[in-house]
There are 2 protein chains.
Amino acid sequence: MFARTCPSRSALEHVTGRWGSLVLGALGPGPLRFNELRRRVDGVSQKILTQTLQALERDGFVERNLISTFPLRVEYSLTPVGASVAHRLLALFAHLEAQMPAVLDAQRRYAQRADRSPTSGDVSVGPSSG
Amino acid sequence: MFARTCPSRSALEHVTGRWGSLVLGALGPGPLRFNELRRRVDGVSQKILTQTLQALERDGFVERNLISTFPLRVEYSLTPVGASVAHRLLALFAHLEAQMPAVLDAQRRYAQRADRSPTSGDVSVGPSSG
DNA sequence: CAGCATCCTTATCGATACTG
DNA sequence: CAGTATCGATAAGGATGCTG
């Protein structure tokens with residue numbers, strides 16, 4: 001896993017990538033359609049969501065169900081393997097949220113130890129053009 | 001967590017980022033020095049490792065211990081919060097590795113459903129210039 | 001609604017040189 | 001050894017227009 005040549009590295013990158021983890025987490029409670037997913041995973045663009053879903057489908061974490069009505073409908077759901085991964089991701093999310101007070105406190109203490117200019121921290125999450 | 005404006009998103013990105021997760025996982029068993037870490041997290045450059053460690057230190061997941069000998073020595077270790085996060089990450093890693101046969105199988109089946117050209121899959125992990 | 005193709009901007013990353 | 005600073009290549013990501 002720590003080796004670059006290990007095939008699990010690419011799967012890990014899909015699962016833990018910026019969007020992969022959020023998509024898997026969003027699908028945890030149940031199936032979602034493309035735009036539902038897009039609203040849930042706030043900030044993701046159509047292109048990136050498509051890419052992410054394809055990578056996750058290729059790895060067998062996500063299943064794509066095409067419903068050929070009009071307008072077109074596509075439902076994404078977790079496979080058993082994907083669900084087991086999502087379960088652990090959601091546990092990580094919850095744990096991380098629970099630790100946020102400690103994290104924010106650590107960030108404040110870190111900012112004081114060295115004189116970082118107030119704008120140099122990475123608080124940026126992109127422009128509001130989502 | 002799924003909202004872009006939530007401060008936990010940046011922490012999540014550090015924890016689940018390409019290198020953040022591997023660094024936290026590598027520090028799980030015990031403290032490591034900079035270059036030990038660099039060897040363990042195969043493929044990471046000096047610059048990126050520095051960046052990653054600084055982000056993790058800022059969030060309070062990693063502690064940096066400077067030992068002012070000659071040559072200079074720095075030991076990185078997990079904080080209690082970092083350890084709890086790393087614990088869950090390592091569980092995820094192990095689970096992911098256990099699922100790799102299923103993942104590789106899914107990738108093969110996916111490649112057959114649509115005629116992806118054999119070289120278009122993302123197997124790239126960069127050149128061998130480590 | 002769901003997704004592809006294209007262009008273009010921006011961030012990521014790696015190689016190099018230098019400090020302590 | 002550990003880390004900073006800078007530069008150039010590359011890849012990720014966003015905006016737009018088009019298809020079914």
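In what follows, chains carry the letters A, B, and so on, assigned in the order in which the sequence lines appear, proteins first and then strands, with residues in each chain numbered from 1.
Sorted by first and then second residue, the pairs that involve residues 98-107 of chain B and meet salt bridge (Lys or Arg N to Asp or Glu O under 4.0 Å), not counting sequence neighbours, are B:D105-B:R109. The stretch residues 60-71 of chain B participates, sequence neighbours left out, in no salt bridge (Lys or Arg N to Asp or Glu O under 4.0 Å) pair at all. Among pairs with a residue in residues 70-80 of chain B, those fulfilling salt bridge (Lys or Arg N to Asp or Glu O under 4.0 Å) read B:R73-B:E75, at least two apart in sequence or across chains.
Going from atom OG1 of B:T52 over to atom CG of B:L37 covers 9.5 Å, rounded to the nearest 0.5 Å. Expressed to the nearest 0.5 Å, how far CG of B:L12 lies from OG1 of A:T16 amounts to 9.5 Å. Atoms CD1 and CG, on A:I67 and A:N65 in that order, are 6.5 Å from each other to the nearest 0.5 Å. Note that the CG atom of B:L78 and the CZ atom of B:F61 stand 10.5 Å from one another [nearest 0.5 Å]. Taken to the nearest 0.5 Å, the CG atom of A:L22 stands 6.0 Å off from the CZ atom of B:F2. Put simply, CG on B:L104 and CG on A:D59 are 9.0 Å apart, with the number rounded to the nearest 0.5 Å.
Residues from residues 59-74 of chain A that place a heavy atom under 4.0 Å from any atom of DNA chain C, listed by number: A:R64, A:P71, A:L72, A:V74. Taking every heavy atom of residues 23-34 of chain A and every atom of DNA chain C, pairs under 4.0 Å involve A:R33, A:F34, by number.
At the phosphate of C:dG3, neither OP1 nor OP2 sits under 4.0 Å from any side-chain N or O atom of A:Q51. Between B:R18 and C:dC13, a side-chain N or O to OP1/OP2 separation shorter than 4.0 Å is present. Using a 4.0 Å cut-off, no side-chain N or O of A:W19 falls inside it from OP1 or OP2 of D:dA12. Of the side-chain N and O atoms in B:Y76, one or more sit less than 4.0 angstrom from OP1 or OP2 of D:dG3.
Counting non-hydrogen atoms of neighbouring residues, nucleotides and ligands closer than 6.0 angstrom, the NE2 atom of B:H95 exceeds 12 such neighbours.
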Determine, stepwise, if the pair B:V23 / B:L56 fulfils side chain to side chain contact (heavy atoms under 4.5 Å, CB included).
-> CA-CA 9 Å; B:V23 167; B:L56 293 175; 3.8 Å; yes
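Between A:L49 atom CG and D:dA12 atom P there is a gap of 16 Å when expressed in whole angstrom units. Computed from coordinates, the A:E13 CD to C:dT12 P distance equals 14 Å when rounded to whole Å. Protein atom CD of B:E75 is 13 Å distant from nucleotide atom C1' of D:dC1, rounded to whole Å. Between B:R4 atom CZ and D:dG13 atom C1' the separation is 14 Å, expressed in whole Å. Rounding to whole angstrom units, CD1 of residue B:I48 and P of D:dA9 are separated by 17 Å. Residue B:D42 contributes atom CG, which lies 16 Å from atom C1' of C:dC13 at whole-angstrom precision.
Within 4.0 Å (heavy atoms only), B:G43 reaches sugar-phosphate atoms of the nucleic acid but no base atom.
For the residue pair A:T50 and A:Q46, a side-chain donor N or O sits within less than 3.5 Å of a side-chain acceptor on the partner.
Between its opening and closing five pairs, the helix from C:dC1-D:dG20 to C:dG20-D:dC1 changes axis direction by 40°, a value rounded to 10 degrees.
Checking C:dA2, D:dT4, D:dC7 against the side-chain heavy atoms of B:K47 singles out D:dC7 as nearest.
The base of C:dC4 lies close enough to the side chain of A:Q46 for a donor and an acceptor atom to sit less than 3.5 Å apart.
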